[in-house]
2 protein chains.
Amino acid sequence: MVNEKRNSKGKNETAFGELTEAEWAIMKVVWEHQPCAAGTVQDALATERGWAYSTVKTTMDRMVDKGLLKINKVRNLQLFSSQINRTQAAKGEFSKMLSRAFDGAIAPMVQFLVENENISEEHVKELRDIVSKTGRNK
Amino acid sequence: MVNEKRNSKGKNETAFGELTEAEWAIMKVVWEHQPCAAGTVQDALATERGWAYSTVKTTMDRMVDKGLLKINKVRNLQLFSSQINRTQAAKGEFSKMLSRAFDGAIAPMVQFLVENENISEEHVKELRDIVSKTGRNK
DNA sequence: TGACTTATTCTACATGTGTCGAATATATTC
DNA sequence: GAATATATTCGACACATGTAGAATAAGTCA
């Protein structure tokens with residue numbers, strides 16, 4: 001039941017690496033501390049989110065069901081580790097955004113970026129630098 | 001009740017221009033045909049989605065409640081129009097992606113773009129072109 | 001060992017979203 | 001004007017997600 005995509009008819013297509021808001025918050029902590037216990041994650045998100053332990057634990061258990069996290073049990077302790085890395089998650093998030101908002105085309109997105117206050121002059125410059133500094137890309 | 005953001009405690013922050021998957025599909029048709037009837041939208045999405053009329057109508061009514069669409073009644077006909085434009089919607093989608101996957105920083109995102117197969121050589125070129133062709137921005 | 005401190009399990013509930021069918025109201029057309 | 005085609009309104013249901021309390025199991029320490 002790991003990482004399946006139940007789409008019997010427009011249900012929910014769980015594309016590889018699609019995280020919800022809460023999942024992102026948790027995943028970020030896991031990437032940083034894995035393998036780690038639910039309590040550790042809760043502590044890390046204490047101020048930022050103020051979630052109860054059970055909230056964090058429930059969500060993490062659900063993430064295990066989805067194949068996003070895995071558990072390594074040590075005595076009575078459950079140590080969680082991620083099953084996807086940040087790049088994969090970022091890719092999923094980026095792809096979703098791209099297909100929804102720009103019909104999957106990157107050029108329009110960059111156009112949008114440059115035309116909107118969304119991106120500052122410094123960022124335009126960064127973009128320019130990064131893009132030009134990158135020679136042939138694999 | 002238009003465009004409010006009920007966030008009494010980590011509830012759901014309906015940021016201006018945050019659309020769900022179904023809403024995006026509908027919104028795209030509306031942007032193209034507005035003002036238009038629900039039936040028109042259904043027809044347009046017939047092959048692509050195969051939604052029943054009521055599915056489309058229900059979703060559109062909910063979008064009206066959220067302030068995403070507005071209705072102009074002509075006799076017994078309801079003509080829908082969007083309350084946000086594509087740029088606003090794109091901005092919302094982009095921002096969400098950026099904060100989730102890149103902690104809100106554009107530079108890392110571009111870096112990611114360049115480093116991943118997510119972006120083909122042609123795209124890198126497009127990127128380069130667009131970025132360099134754009135002189136001082138605003 | 002008993003008190004105290006975690007962890008884990010289970011159960012639950014509210015709201016959002018995807019999806020419709022049935023009933024009803026309006027038009028259109030012969 | 002009756003039959004037919006359209007729209008609108010309502011109510012519903014399933015599943016996902018956010019959020020958490022209560023009960024229980026285990027480990028720690030004086």
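No experiment lies behind these values; they were computed from the predicted model shown. These values consider heavy atoms only, across backbone and side chains, with no hydrogens, waters or symmetry-generated copies.
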Given D/dG18, D/dT19, C/dT19, the nucleotide with the shortest approach to the side chain of B/Thr58
C/dT19

When you measure from the side chain of B/Asn76, which nucleotide among C/dG18, D/dG18, C/dA27 comes out closest?
C/dA27

If you check the B/Ser54 side chain, which of C/dC20, D/dG27, C/dA27 turns out closest?
C/dC20

Interatomic distance where CD belongs to B/Glu21 and C1' belongs to C/dG18 [whole Å]
11 Å

Nearest-nucleotide pick for B/Ala22, side chain only, options being C/dT17, C/dG18, D/dT8:
C/dG18

No-H, no-angle donor-acceptor pair, B/Arg62 side chain to C/dT19 base, under 3.5 Å:
yes

Gap between atoms CD and P, on B/Gln42 and D/dA5 respectively (whole Å):
16 Å

Side chain to side chain, A/Lys28 and A/Arg86, heavy atoms closer than 4.5 Å
yes

Give B/Glu23 one of three labels, base, sugar-phosphate or nothing, depending on what nucleic acid heavy atoms sit under 4.0 Å from its own.
nothing

Let me know the distance between CG of A/Leu19 and P of D/dA16, rounded to the nearest Å.
16 Å

What is the distance from CD of B/Glu18 to P of C/dT17, rounded to the nearest Å?
10 Å

Is any N or O donor-acceptor pair between the side chain of A/Arg49 and the base of D/dG18 shorter than 3.5 Å?
no

side-chain contact (heavy atoms from CB on, under 4.5 Å) partner of A/Val30, the single match among A/Leu69, A/Thr40, A/Leu68:
A/Leu69

What nucleotide, of C/dA7, D/dG21, D/dT19, holds the atom closest to the side chain of A/Tyr53?
C/dA7

Please determine whether a side-chain nitrogen of the Lys or Arg among A/Glu21 and A/Arg49 lies less than 4.0 Å from a carboxylate oxygen of the Asp or Glu.
yes

Looking at B/Lys57, does any N or O in its side chain come under 4.0 Å of the phosphate oxygens OP1/OP2 on C/dG21?
no

Quick check: closest heavy atoms across A/Glu18 and A/Gly92, and the distance to 0.1 Å?
OE2-O, 3.7 Å

Report which part of the nucleic acid B/Thr55 touches: base, sugar-phosphate, or nothing (heavy-atom distance under 4.0 Å, all strands).
base

Within a strict 4.5 Å, meaning less than it, do heavy atoms of the A/Lys57 and A/Trp51 side chains meet?
no

Could you tell me how far apart B/Met60 (CE) and C/dT17 (P) are, to the nearest whole angstrom?
16 Å

Measure the distance from CG on B/Asp61 to P on C/dT17 and round it to the nearest whole Å.
15 Å

What's A/Thr20 touching, base or sugar-phosphate or nothing? Going by heavy atoms closer than 4.0 Å.
sugar-phosphate

Taking OP1 and OP2 of C/dA7, is either one under 4.0 Å from a side-chain nitrogen or oxygen of A/Gln78?
no

Interatomic distance, A/Gln111 atom CD to A/Asn116 atom CG [nearest 0.5 angstrom]:
10.0 Å

For atom CE of B/Met63 and atom P of C/dT19, their distance in whole Å
14 Å

To the nearest Å, give me how far apart NZ (B/Lys73) and P (C/dA25) are.
13 Å

From D/dT19, D/dA7, D/dA12, nucleotide with atom closest to B/Leu77 side chain
D/dA7

